[in-house]
Structures are given as C-alpha cells and as structure tokens.
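Structure first, then comments.
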Amino acid sequence: METRVLLKNRKPDRILDLDEYRASGGYTAAEEMLQTGRPADVQEVLEAAGLLGRGGAAFPMGVKLSTVAEDAPFPRYLVCNADEMEPGTFKDRVLIHTSPHLLIEGMLLAAFSVRAEHGIIFIRPEYENAARILEREAALAREHGLLGKNIFSSGFNFDIVVHRSGGRYICGEGTALLNALEGKRPNPRKPPPYPTVRGLWQLPTVVQNVETLCFVPHVVQNGAEWFRNLATGPDEAGTKIFSVSGRVRRPGCYELPMGTALSEIIETHAGGMAGDGRFKACLPGGASTGYMPESMYHQEMGYKGLSDAGFRLGTAAVMVFDHSACLVGATVNLLAFFARESCGWCTPCREGLPYMHDLLRRIENGQGRAEFVPMLREMAGQMGLAYCAFAPGAAAPVESLITYFEDELREHIETRRCPFETRGPIAGATK
Amino acid sequence: MPKLIIDNREIEVPEGTKVIKAAEKLGIYIPRFCFHHALGAVGACRVCAVKFQEGPVDGVQMSCMIDAQDGMKVSTADPEAADFRRSVIEWLMLNHPHDCPVCDEGGHCLLQDLTVAGGHGIRRSKGRKRTYTDQYLGPLVYHEMNRCIQCYRCVRFYREYSGYSDLGVTGIAGRVYFGRLREGILESPFAGNLIDICPTGVYTDRPSRYTGRRWDFERTPGVCIHCSLGCRTTVSARYRQVVRVEGRFSQQVNRDFICDRGRYGFYYADRPGRPRNGRINGQTVSAQQAVEEARDRLQRITQEHGPEAVGIIGSARSSLQTLSALVHLCHTTGWQGPVFRNTWIAGAAADAAVRALSPENAFSMREIETADAILAVGADPVNEAPMLALAMRQAQRTGAEIIAIDPRPLDWPFDFAHLACRAEEMEETLASAAERLSASRRPVVICGTEITDDGIVMQAADLVAGLRGSDKRAGLFCTMPQANSFGAALLDESNACAADLADRIETGQIRALAVFESDLWHVFPDRSRLSTALEKLDLLVSVDFLDTPLFENADIGIPSLTVFEAGGIYVNQEGRAQQVRPAHTGGLPIAAAGLGDHPPRSFSPDVPGRDMPAAWAAAFSLSGQAPPETDAQMTAWMRDNFAVLADLAHMEADGVRLFAGRKVSIPDEAQIPEKKPDQFLELLPAPTIFGGEPMSGHSQCLRELAGLPAVWMARADADRLGIADDDRVSLGFENIEVTLNVRISDPMAQGVLVVYRHPDIDWQPAPDGKRIFISEDQIRRIEKA
Amino acid sequence: MLAEQIRAELEKQIAAADHPQELAVDVMLAFQEAAGYLSDTALEAAAAMLKMHPVEIEEIATFYTFIYREPVGQNVIHICDSVICWLDGSESLMDYICRKLGIAPGQTTPDGGFTLLPACCLGYCDRSPAMMINRKVYGHLSRERIDDILARFEHEEPA
Ligand SMILES: Cc1cc2nc3c(=O)[nH]c(=O)nc-3n(C[C@H](O)[C@H](O)[C@H](O)COP(=O)(O)O)c2cc1C
Ligand code: SF4
Ligand code: FES
C-alpha cells in the first residue's frame, strides 16, 4: 500500500505552492518548535524516530546532529545534498518538484537543531528547473518571514542559498561536496574530523539528503512513534521513496512503507514487468549496490532487512532487469560510469576501475579469458580499501555479478560472444 | 607514549606518530608513494596498507593515516595486505611506461624499487597505456607526465609546503594532470625540489639529464655555500666533475629541501674559463711555479720595505681553513691584514650579529618553523637566505603571525604585514612593532645584515632579550651576506678593512697585495679608486677558483681548489660549523681533458690539473711554511691555534655551534643612519636570489632566471616623478649612468630606489661605502622607441 | 566578454561573500553562458574576479562535466549513457544522432549548430532514454522524437 507522507500533496505537473503548503499544515511544526522548543528537542525526536539518512549511507540523522557540540564555533552550516547523481535515482528531483517548502521547512528545523545560520542547497546542474523553483520559493519564504532574520519572532536567523554544481557524481559524497562548495577540487576529505566538527571552511557543518530533510517537519509534528509505525515492521522506520526504473511497466517514484517487498513494489506499484519480461535481477539502491537475483524477489526492502541479507538499500533506486538484459553488458556500462566519474585521488579507484572495466568489456566482447573472473573478484574486493566509499560502491555490482551470475560470465567467455541478441528494442516500445 | 607491536617487535613512540613512522623506527620500511615525512599523509596512493591484527583498529588499513595506539598489533607481511600492495603497484604500472632504460630516474626510482619489491613482474593487462603532453617548465626541471603515478606530492610541496601557486592538478579520473596552466618557467625558487620529491621520473634535473645513473656518481655529503644558511646537500660527481646537487636531510638546518640557487649554483666549479693554471705576468705556468714566484717576490718586498708593505685580503666565501691560514700568515710574517671586509660599515651589521648571538638566544631554522610570531627586520629571506622563507612559511602554516620591516618590495610565499620604511625609520618602526610580539610564547626576531647597520642588529638583540621570560623562548636569527661571514667575523682581529688598505696603497705604504678568493672588484664600493690603487702596486697576487677581473689583471695568479675538491668547514649564520668533504679528487674533468673525445686517447702519468693547491695551503706556502699534510691535521692545527675554534673537536652530524661572545672587534659606537635629504632618493642595491651571488652567478641555467635588470620604486614616488610601470629610466650619479626598467611596487618604502644585483649591472656607485642618494633630477624617463 | 550587468551582479556577490571562492562555479558558468564555453581569456578574467590563480580555476574547470574548456556548438546535446538508458537503447540513439548530424561524440557540427556529448545518468530514468539540450531534459526518446526535437532547434535562427 502506498503511504504518502512526503508525496502526499503530489500534483501532476506542478508544485505545491506556499499557500497550499501552509493550508495543509506546513510550517506549523517549525513555528511551534522555534517558538517553544529547544534545539535538542529536534535531535531527540529524530533519534527516537530512527530516521536514517536517505542519501545512501543510512546514518541516523539525530545522532549526526548531536555530534555538533554545544560550544562548537559559529557560524555553522546546514547543507542540503541535492546532487542526486546516483544512477537510477530521481526521488529528490520529484520531491523538490512536489513540495519545495517541505524541504525548506525541513532545513529550517534541522538548522535550528544545531543553530546553523547558513543553509546551502547543493544541486546538480541537470536540475536547473528545480534550482530555479527553490530559489523562487526560498525568496517567497523570506518575504513571509519564514527565512531570514528572527524567524517566527524566535530570535533565530536562517537563510538558504542555492549552489549549482559543475556536475560530477563524486560531488554528492558528503565531504567532496564541501570541497566543491569551497571552490576547490571536489576530492573527498578523510574524517576525522567529521564535517559536524570541522566542515565547510573548517566550521561545523551538517550535510543531509533532500529526502531526509523532508521527513523532519513530519517527524517533529507527529512524533517518533508515528514515524516508526509507518514501516512494515519494528526493525524499520518510516516510509521510503523508491525510484523504480528499468524493465517495469510504470517506472517512477513510489513512497512506500520501509520494508515493502520487492515483488510488491514491482507488481503493485510499478505495474509489473514490462512486456512479457520476467524478473531477472535488480539493483536495489542505485548503481553502487549489488544485483539482487531472482531468488530475492520477495525480499523486504528496508535498510535493516537488506543489510541482513548482505545488500544495501542505498538510495532505494530500484533498477529492474529482465531476462533479455545482459548483466555483463549492464555492468560494463556501470563500470564505465564509475571509471569516468572517479575523482582521481586514490589508486584503486583511478586505475583499478578502468582496469576492471577493460577486463569486463573484453568478456562482453568475446575476448574474455577464464582468469579474468578471479582477477575481477580480487580487485572488486580490494576496492574496499579505496580512500572513500565511491570505489567500494563501484565494486558492488561486479561482486554480485560474479557471485550470482557467474554462469552468464562463463558463457560469454566460453562462447566468445555475448549471448544476448539485443539490448532491447528502442525506447518505450515495451511499455 | 603509545606502545605497539609491529611484526612481532615492540616499539614505543610519541603520541601522534603514524604507524608508518613507528615502523621506520624499527627499521621496517613500509612502501609509500604519497606519504612524505615533510609533507605528511594524505592517503592517496594506498600502497602503505598493513594488517591491524589486534587493538583499536581492525583489518587492512593505510599505515600512513593511522596514529600508533596502545595495544596495536600490526603485520606488514600479512598476505591480504601484501596482495593489496601488489595490486596497487600493478594498477600504477598499468599506465606507467616500461622504458626505465631511457628514463633519467632509472636506478633511483621509488616506483621501480617498489615494483620489484612488491613482486609485480608480469604485465597482465591487455589495455593500452594513457599518454600525456609534457610541458616546458624552464631551464631547471624537466617534465614527463607519462611517468606520473598521481601521488600528488608535487602540488602538495609546491602549493602547501612552499607557497607558490603556478603548478596545479587538473583533470579528473584517469586524466589527472600535474603541470602549469601553460608551458613556462616555474615561478618558485624552490621548484628544483620537485625533482627530489617526485617518486618517479616526472620531474627530473634538466641540466644534468643523461649524464649518468645514480650508481655511476660519487655521492658525497656537502654543504651549500651560496648563502649564509649552509643547507645540507648531496653532491654527485662523475669523471672529475660535479653533475648534480640534491637536498640532504638535516634536522636543524634545512630539513629536506634546498633552494634552486643551492641546487644549480655549482657550475662555476667546472666552467671552461676557470683558472686551472698559474699565471705570471700573463704567462701560463704551473700552479706550483706561481706559488713559488709569489712567495719569492713577496719576501723580496718584505725585505726591502718591511712587512707593512704587504697586505692580505680574504673573503667570507672561503673555508674556515683558508680564513685561519690567512690569519696565521699575517701573524707569522707581519703582513697587514687579513681583511675580510670592504669597509667598516659594510661588515658592521654582520659583526654585531656575531657578537649578539649566544647559545641562549640563537634560533636554528628548525626552531623558526615552530615560532608563533616572527618579526623580520631588514631581511629579505627569499633573496638573501632562501630556505629561511620556507621555514617561515611552515611557522605560518601552524599559525604564526609574521611582520616585516623593510624598505624593499617583498615577495614572500606567505602572508605577512609589511611595514615599509627607510633605514633611518627602522629603529622607530622596530620599537613600535615589538609590541606585537608580547603575547607570543615563541617569538623570533629575524634580522638582516646586508641593508641594515649594527644599530638595528643590537636593537633586535635587545628586543629578544626583553622578550625572554620564564614561559617564553625568544630567538634571534640573523642572515649574513656570505657562507662564512660568521667564521670570518670569529677570526677577524685585524681592525682593518679593504678601504684602509687602499688608503695605505695610496700613501705608498703598501706595495704588494695578495687577494684570496675575494670579489673585491665587484664589491669594493668605489671601483675607480680601487683600480687606481691596484695600478699603483708593485705586485698584485690573486688566489682564486673564479676567473675574476682581479685574477685576470694580477701579476701572479694562483688557481685554488673549489669546495668540491678541497672540502672545508663553513660556519653558517647561526654559528654552526659544518664540515664539507671533497666530492671528487679534482683535476681537469674528463670531458674537458679529452676535448670532447671521451675517454681521452693521449697518455699522461698523472691527472691533468691536479696540482692546484687549496687556498689555505697556498697561504701557508706564501710564508714559506709547509702546510699540514692532511685535512685532519689541518683541522687539528686550527683547533690548537685558535681558541674560538676549539669546539671543532665536538663536530657532530648537525655540526657544532661556535659562539664569539664579545670577542669580535667592532667599533663600540653604533652608527646612526643619515637622513635622506629632500628631493633626493636613496639608491639601495639589494641582494637577489639569482644572478647576484658571485659563484652561482656563473650558472647559465640560473642566469636565465635572473630576469631583466630593473629599478623598483614606490607608487607614490613614481606618480610624483611621472613614471609608469615598465618605463625605462636612466639614473645618473658621479660619472656613471645606467638605464633600467621600472617596476612599481606597493608597499615599499617611499624615497627609495631598489636595484637588485644583476650580472648586467656592473657598477659600484658608493664612493665612501655609505648610503647613496641620488637627486630627483638625475632620474630621467627615456621615451620608448 | 561579460555583460556589464552580469559582471556587476557577480562582483556584488563576490564582495558580499565571506569566501569569494565559493562562487567559482557560478562565475565560470556566467562566463560560459556569455561565450558558449570558458575560453582562456574568460578563465583568466574569472580568476582575476575571484582573486584566485588561473591554474586554480583550471583545476576545477577541468573537473566538471558542465564547464566546457573548448568551443561548443550553439546547442549542446548531452545524451545519457548510464545504465537504464543503455538498457533502453541509448547506444543506438547515440549512433542515430551521430549519423544524423554527421559527427562523432565529442564533436561539433560544421555549422556550429550542435555539439554532442555523452552524459551520466540525468536523473530521468523514469523517462528513459533521455537526453538534455541546453539544460532542458527530453525523455522517452525514440528516433522520431529525436527528429522532432532537433528540428525545433534547426529552425531557430542563430542568436
Ligand atoms: C560517491 C558518493 C556519492 C554520493 N552522492 C550522494 C548524492 O548525490 N546525494 C546524497 O544525498 N548523498 C550522496 N552520497 C551520500 C553522502 O555522502 C552523505 O552520506 C549524505 O548526503 C548524507 O545525507 P543523509 O544522511 O541525509 O543521507 C554519496 C556518497 C558517495 C560515497
Ligand atoms: S575512491 Fe578514491 S579516486 Fe575514487 S572517488 Fe573516492 S577518493 Fe576519489
Ligand atoms: S603512503 Fe599511505 S596512502 Fe600513500
């Protein structure tokens, strides 16, 4: 069953404007909290609610906020990560286009909880429309006293600027993003110190994903208990927006209870498999997660559930492949993406990923050799020792390909060609 | 202090020590590319992986990124870690060329070593190698980007450590590129260190390309003598010729690096025009004959006119051996001198510095790095003592505030407050700026001695004394004009200067002059007076390894050995005596002996050009004494004969500190600088890093970096005189006129024209060695053609 | 090079910023907007405005996908080549566009009308295959739709 919290006001083709948002109860959580609450209240309710970061790393937001020390220096920064470059992921775009004020209110509350005065939305250049919407709506919020000085007469000041990226996947990585904002090369930084201690310009900085921030007003308003109960079971919390794409009839964003089964996502919400395709595999959370094979078709899709099963929910970008799709080819494509997007800082990623791509491409093209498989397996494992989480993410599809689809690899190698006729007919024909 | 176990051996290290360094203390070398002890850890290359078996950290991790902690058990040989390191090397070799035989780094290449050590021998990849376009980076550093393994050491050194910004890293992923925006000369005068710091052959030594493999070279520890700091070097020689100089680690002096003047200044030693034979009245003779002839003629003059008729001049570019031999020479013969300075004024500041420095207040460069406030007065480190600038930068990187009091335009690679003032305003400015040091706990005052006078040095020393307190360590650091200025001051008891000798020549009292390794022609303040005086002499003897104008015009020329052939002891500006060993046996380089036909085909029983004496040996010979036979005997002789040198017995790796106490002889009255008259500008000749120092000035590659001769003036002065940046002006004084390009600077002191020494500006405009004032109407703007 | 008004606006922002470097990407994009790409002179001008060394600008300019350091056509087509679009035939669409425009990926048509560049996942996987022209995304591509879309640009008079 769809449980719409974030997307409850979703309108076809237009955003929820400020009046509509306020009419639906928007900014009441912020008003009440700023006027009568303490910063720690926000942290506490988020922690109790078990709100995990939705940007991929699933770090508890309340815990992160609490690592900004009471006596940490000012100014402090709140950064909204709207880079959303994880292939397959488009939920943040949908969220901004649905209800920009939900994000603004979420940022306001998060900022209040750490007494940050500066808010920055870091957005990928492909989302120019979204950037303009945010700039316009933030200006409107400012006009209405929802941003700026002395918000709700609480004495709290907070404002938001939109920062357009020049466009690179690694910029979404929380610490690389800080370098990008500073006008430096967006190489990641190695904690400690963590950004909440020394982030942007060496000052305390909280980086959160769009979706995570959008939950904040709801959790503050409705409480931890309510949030936890949104999920399918006690191990998970809240809802999750699944960006479903690939070989399904109705690709799109679906907000569902955390822990909804994969089969339900595909069949009930995404309209089932496209054409007469059969489910073969899916990447559950974007390009940097591993393929879930057919045997996991009924897997419950939650952070806890998937990690117990040895997978990662990532951004919950479910990319579905049917039996006509060559997973070797798909993985070659993914590796090409990662090799191209590597920031070039550390050796495993900069040199290892192109090497893995080269080996796998040879397999796909019928020039593969049996010894390539153990080489790929070893290297994929070694990506875990790269400088940041990019390279291990890149290795995830390769590792799972070898684990679950070794036969398909071997077939490529033994028959010296790709056994798949086509990569599917062009555009839309199957939908 | 955490205690940990690495490869089953226990070690205790100070808090904050990285595991990779802790292992080093046990003699275990963990591979590394990006880690460099001067640059720190950034975790980029991932080749230092080790296995953490027990303790607070678990699994394979980078040993450069993790602090040693109690209870750690680390294995470097663990198969998982070793396999990973091998993979890292395989990845780096995917794109690295396999042409070690034609790479100048081959044989001392870290990548080569670790590839072999890591067990990566067979290329498995079928992929193609990526290639790049190289850049021309100037006459010193050769660039070959295909060899790059992206360890980022170069930009980290260039930007973060040395503070220059024209080298950068561009591109992304497998196309990361290290270079300049466009081809062109690297702006940093420390760029040569890229060669030492690059673990492969991306940056190699351009002038010495293809002169040999490292194992072909005789490699000797040396000390740089191109400024007063005395940085440690490693000298590489081959076929009786120095081919390359590199930085050598020293805990107290330069740490890892050297400046480009020090690295490339050695070419004077083997340039074709270097005197290698004796000369008598223009006739070429053997060195020995020249020595004997000089001895005989000097004795004759002594007999005829008394010992007062002979004067001896030396200079602070000579070794302590030579300086002490000259003192001894005058003692035994009664000859006048030796004088080591041109005028009293010129040497007064350096002498005051030597007198002021004591074990309590003298800071080393290492201590400068940890200072929390620095006040520099009349010192321009980049031009006078380049490595000092890097030490100051390290202080600033850890938060030190830096203030400069100086009339010159200062271009330093770090932020500082510049209080621009003229000499006569310095005292007051220093007094008021001193306030700003009061809150610091490790303040240091850096005082120059080239454009300042002894009054300022004494004031700086007093300031330091006043700052010292129970919880404070305050330091004094003085830069000096030449490599052995300190040593010369220690030994100087003559109470005379070259100008005094000139007086006596003019009165006919002195009839013969022997000049040892001195650039009198270039540094004596009044050249016309000097040449008239020299004309008047019955005998001029010149002992030198440089073909100076004096040597050319001497009645007797005696060639001497360079530091590379004779070695020697040099006392740097903080009183640190350091021993230099000879780098090769001496003699004519094979390249020269064979006239390009190598090896030479003609037979000779001994090495050609081997009969030259060290200047100190020549000094002994002039009095008819036999010089000590070995270096060791000479050092012992010095200790026995000079009380100030007794401590040479305790020379250690970092040298030994010699202090003078109040022994140095200078007039007790400090001078008071005259005031600049109105409608006049002060002409201030200033030292410069490239082209201004006599020895390194002979290096062709450095002359390329000297730029055009220019005069610098403050914006307000230029505006008043209607002069614009890049204009040409002619300056007229006395009977000389020079034409120079104008550079306008802000800030610099008003009323001052700064002219950096330049090989193309060849004049001495200070008749009395005092400050030079030039009337405004003697500055003419020249219309551009 | 930069319209006075835009320059003034940027300079105002720079003057107001605690850390002018934060605006590096904005300044580069503004110069690029004006000339189509970030030329060497624009790069130096941007560096001067931001008080950065030109090579520091180059360091980030060459990092980002959407900063063009070489001249591009009037319209820049970024065609998504990431996995979902690939699954839906982006390779053959790329071929199709190449043949249609007579250029290879990375090239510009001789009349300067179009530059064709591959792009990472554009975040429009729900409408794959997708491409972006001048910051506007077009989804559900087919050959016919591509013909349609490109025709719209071809009829536009050059600015
Ligand atoms: C290579 C890489 C790319 C990432 N890209 C994004 C992104 O585009 N958007 C995002 O919100 N988080 C991204 N992340 C996760 C961030 O590092 C960070 O965890 C997140 O923004 C924190 O917000 P959250 O806790 O609300 O999820 C990325 C991480 C990695 C390693
Ligand atoms: S794994 Fe290394 S090269 Fe890759 S993105 Fe992270 S830091 Fe950059
Ligand atoms: S030396 Fe440790 S990562 Fe390079």
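Just so we're on the same page: letters track the sequence lines, and every chain starts at 1. Just so we're clear, the structure is a prediction, and the values are computed from it rather than from any experiment.
Taking 4.5 Å as the limit, some side-chain heavy atom of A:I170 sits within range of a side-chain heavy atom of C:F63. Considering only heavy atoms from C-beta on, C:D126 stays 4.5 Å or farther from A:S245 through its side chain. Side-chain contact check for A:R164 versus C:F66: every heavy-atom pair is 4.5 Å or farther apart. In this structure, A:Y169 and C:C121 have side chains that are not in contact, with every pair of non-hydrogen atoms separated by 4.5 Å or more. C:Y124 has its side chain out of reach of A:E126: every pair of non-hydrogen atoms, C-beta onward, lies at least 4.5 Å apart. Residues C:D88 and A:R247 are in side-chain contact: their nearest non-hydrogen atoms beyond the backbone lie under 4.5 Å apart.
For C:R127, the part lying under 4.5 angstrom from a heavy atom of chain A is the side chain only. Heavy atoms of A:P186 lying under 4.5 Å from chain C belong to its backbone as well as its side chain. Only the backbone of C:A119 comes within contact range of chain A, with at least one heavy atom under 4.5 Å from a heavy atom of that chain. No part of A:V94 comes within reach of chain C, as not one of its non-hydrogen atoms sits under 4.5 angstrom from that chain. Proximity to chain A is absent for every atom of C:M28, based on heavy atoms less than 4.5 angstrom apart. Heavy atoms of A:S243 lying under 4.5 Å from chain C are absent altogether.
Rounded to the nearest 0.5 Å, atoms CG (A:N129) and NZ (C:K136) are 7.5 Å apart. A distance of 7.0 Å separates OG of A:S324 from CG of C:L87, quoted to the nearest 0.5 Å. The distance from the CD1 atom of C:I84 to the CG atom of A:L283 is 7.5 Å, given to the nearest 0.5 Å. Expressed to the nearest 0.5 Å, how far CZ of A:R185 lies from OG1 of C:T62 amounts to 5.5 Å.
Counting heavy-atom neighbours within 6.0 Å of C:R69 CZ, excluding the residue itself, gives a total above 12. Atom CD of C:E33 is surrounded by 12 or fewer heavy atoms from other residues, nucleotides or ligands within 6.0 Å.
Among the candidates A:C171, A:G167, A:A287, A:G344, the residue making the largest number of heavy-atom pairs closer than 4.5 Å to chain C is A:G167. Of all the listed residues (C:L122, C:V25, C:D26), the one sharing the greatest number of non-hydrogen pairs under 4.5 Å with chain A is C:L122. Taking C:L23, C:D81, C:I67, C:V137 one by one and counting their heavy-atom pairs under 4.5 Å with chain A, the maximum is reached by C:D81. Of the listed residues (A:E86, A:E84, A:K184), the one with the most heavy-atom contacts under 4.5 Å to chain C is A:K184. Considering only heavy-atom pairs separated by less than 4.5 Å from chain C, the leading option among A:R168, A:E128, A:M85, A:M319 is A:R168. In terms of heavy-atom pairs under 4.5 Å with chain A, the best-connected choice from C:A24, C:C120, C:G139 is C:C120.
Geometrically, C:R135 does not engage A:Y127 in a cation-pi contact, judged by NZ or CZ lying under 6.0 Å from the ring centre and within 45° of the ring axis.
In plain terms, the two heavy atoms of C:Y64 and A:A180 that are nearest each other are OH-CB, 3.5 Å.
Residue-level contacts of residues 332-342 of chain A with chain C, in order of numbering, are A:N333, A:L334, A:F337, A:R340, A:E341; threshold 4.5 Å between heavy atoms.
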